[in-house]
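Take a look at the structure set out below.
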Number of protein chains: 2
Amino acid sequence: MAKSGGGKAGKPMRNQAGDLLRSPCPLACLLDVCGDRWTLLVIRDLFFGRSRFKDFCASPEGIPTNILSDRLNRLLRHGLVEQVPAADGTQRMAYQLTPKGRALGPVLEAMRDWGLKWEPSTRLEMQG
Amino acid sequence: MAKSGGGKAGKPMRNQAGDLLRSPCPLACLLDVCGDRWTLLVIRDLFFGRSRFKDFCASPEGIPTNILSDRLNRLLRHGLVEQVPAADGTQRMAYQLTPKGRALGPVLEAMRDWGLKWEPSTRLEMQG
DNA sequence: CATGTTGCTTGCAAAATGCAAGTAAAAGAC
DNA sequence: GTCTTTTACTTGCATTTTGCAAGCAACATG
């Protein structure tokens with residue numbers, strides 16, 4: 001019997017961060033970056049204009065700080081997020097979406113719309 | 001100092017499957033159902049017309065069978081997938097999307113479009 | 001009935017997660 | 001400048017999830 005999984009031939013494909021792809025499927029590739037319970041919530045917060053570590057921590061879901069640190073680094077590595085000097089005049093750095101990260105807008109909108117329609121206990125909050 | 005995370009008051013909110021919500025955010029709610037590296041690939045396969053356990057196993061990403069079993073049960077529990085008698089005349093059951101599951105179409109499309117645009121090593125395959 | 005296929009479950013090692021605590025640089029108060 | 005607080009993390013560790021291989025029972029096929 002032929003092996004079912006894995007790329008069948010040629011050189012192994014990699015995403016923009018250099019990680020091996022499970023398959024050439026664009027969906028699978030995105031899931032390797034954002035396929036967990038936290039990453040898209042950080043991206044949501046970035047869309048809401050939040051830009052600092054503490055801001056992400058303050059979101060109602062309560063992401064653990066070690067997870068947040070890991071996810072921000074992954075997003076930096078994959079080029080969805082970049083760091084810039086904070087706008088408040090301090091020495092701190094702020095996180096913001098790159099064009100590649102902002103391009104997830106339609107994904108977040110579609111997911112939000114699904115939730116609002118099919119999970120009645122959800123609602124939009126006044127955040128951002 | 002006020003606690004940053006968690007629902008602040010009232011009764012705990014739950015999704016349609018009865019699980020506690022991390023927050024009222026529709027995005028967070030969807031991620032509690034589909035927020036991992038495999039679930040949306042199963043849903044993708046269902047959109048492609050695949051309906052049997054072995055079909056999902058045969059996808060190029062190679063989902064482990066215990067994970068597949070767990071994810072199918074979760075999707076059943078949340079009402080995104082249902083089981084019906086298989087169309088091939090045998091005694092077996094087939095999985096198929098409910099309207100709630102099919103409503104994820106726009107999410108998958110947006111994710112696919114993102115991957116095709118921003119991860120050049122991905123492509124649509126002739127599957128389905 | 002013998003053999004292969006399908007749809008799982010089980011066992012277990014490895015990895016990821018979640019929580020609390022610790023830390024160091026920067027900012028603000030005095 | 002010194003003291004205190006805030007910010008942005010890291011570390012340790014217990015718990016949970018994942019991934020792989022194997023096992024197995026119901027069904028299908030010849």
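We name chains A, B, ... by the order of the sequence lines, and we start the count at 1 in each one. Remember, it's a predicted structure, so these values are computed and weren't measured experimentally.
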> Within this structure, what is the CD1-to-C1' distance between A:I63 and D:dC9, rounded to whole angstrom?
Replying inline: 13 Å

> Do A:T65 and D:dT10 have a side chain to base donor-acceptor pair shorter than 3.5 Å?
Replying inline: yes

> Between residues 73-86 of chain A and DNA chain D, which residues have a heavy-atom gap below 4.0 Å?
Replying inline: none

> How is B:D70 classified with respect to the nucleic acid when contacts are heavy atoms under 4.0 Å: base, sugar-phosphate, or nothing?
Replying inline: nothing

> What distance do B:L41 atom CG and B:L68 atom CG have between them, rounded to the nearest 0.5 Å?
Replying inline: 11.0 Å

> Do NZ/NE/NH1/NH2 and the carboxylate oxygens of B:R74 and B:D32 come within less than 4.0 Å?
Replying inline: no

> What is the distance from CG of A:D32 to P of D:dT18, rounded to the nearest Å?
Replying inline: 14 Å

> Going through the distances and angles, do B:K100 and A:K117 end up as a side chain to side chain contact (heavy atoms under 4.5 Å, CB included)?
Replying inline: CA-CA 9 Å; B:K100 184 177 181 181; A:K117 170 150 190 191; over 6 Å; no

>> Under a 3.5 Å threshold, yes or no: a donor from one side chain and an acceptor from the other, between A:S59 and A:R50?
In response: yes

>> So, taking the atom named OG in B:S23 and the one named CE in B:M13, what distance separates them when rounded to the nearest 0.5 Å?
In response: 7.0 Å

>> Between P on D:dG19 and CG on B:L41, what's the gap in Å once rounded to a whole number?
In response: 11 Å

> Can you check the B:Q91 CD to D:dA26 C1' distance for me, whole Å?
Replying inline: 11 Å

> Taking the nucleotide of DNA chain C with the closest heavy atom to each, which residue, A:W38 or A:T90, is nearer the 5' end?
Replying inline: A:W38

> Can you pull the contact range of chain B along DNA chain C, 5' to 3', using atoms under 4.0 angstrom from its heavy atoms?
Replying inline: C:dT5 to C:dG11

Considering only nitrogen or oxygen atoms on both sides, find all protein atoms under 3.5 Å from nucleotides 1-8 of chain D and state each distance.
{"from": "D:dA8", "atom 1": "OP1", "to": "A:R52", "atom 2": "NE", "distance (Å)": "2.6"}
{"from": "D:dA8", "atom 1": "OP1", "to": "A:R52", "atom 2": "NH2", "distance (Å)": "3.2"}
{"from": "D:dA8", "atom 1": "OP2", "to": "A:F53", "atom 2": "N", "distance (Å)": "3.4"}
{"from": "D:dA8", "atom 1": "OP2", "to": "A:K54", "atom 2": "N", "distance (Å)": "3.0"}

>> From CG of B:D36 over to C1' of D:dT16, roughly how many Å is that when rounded to an integer?
In response: 14 Å

> Is any side-chain nitrogen or oxygen of A:R37 closer than 4.0 Å to OP1 or OP2 of D:dT17?
Replying inline: no

> Would you say the side-chain atoms of B:D19 pair up with the backbone N or O of B:N15, donor to acceptor, closer than 3.5 Å?
Replying inline: no

> Does the side chain of B:S69 come under 3.5 Å of the side chain of B:N66 through a donor N or O and an acceptor N or O?
Replying inline: no

>> Rounded to the nearest 0.5 Å, what separates atom CG in B:D45 from atom CD1 in B:I63?
In response: 8.5 Å

> Stepwise, does the side chain to side chain contact (heavy atoms under 4.5 Å, CB included) test hold for B:R14 with B:L21?
Replying inline: CA-CA 5 Å; B:R14 294 170 183 274; B:L21 292 187; 5.5 Å; no

> Atom OH of B:Y95 and atom CG of B:L72: how far apart are they, to the nearest 0.5 Å?
Replying inline: 4.5 Å

> Looking only at heavy atoms, which two atoms of A:M111 and B:L31 are closest? And how far apart?
Replying inline: CE-CD2, 3.8 Å

> Given that B:G89 and A:N66 both sit by DNA chain D, which one's nearest nucleotide is further toward the 5' end?
Replying inline: A:N66

> CD1 of A:I67 versus P of D:dT11: gap in Å, rounded?
Replying inline: 15 Å

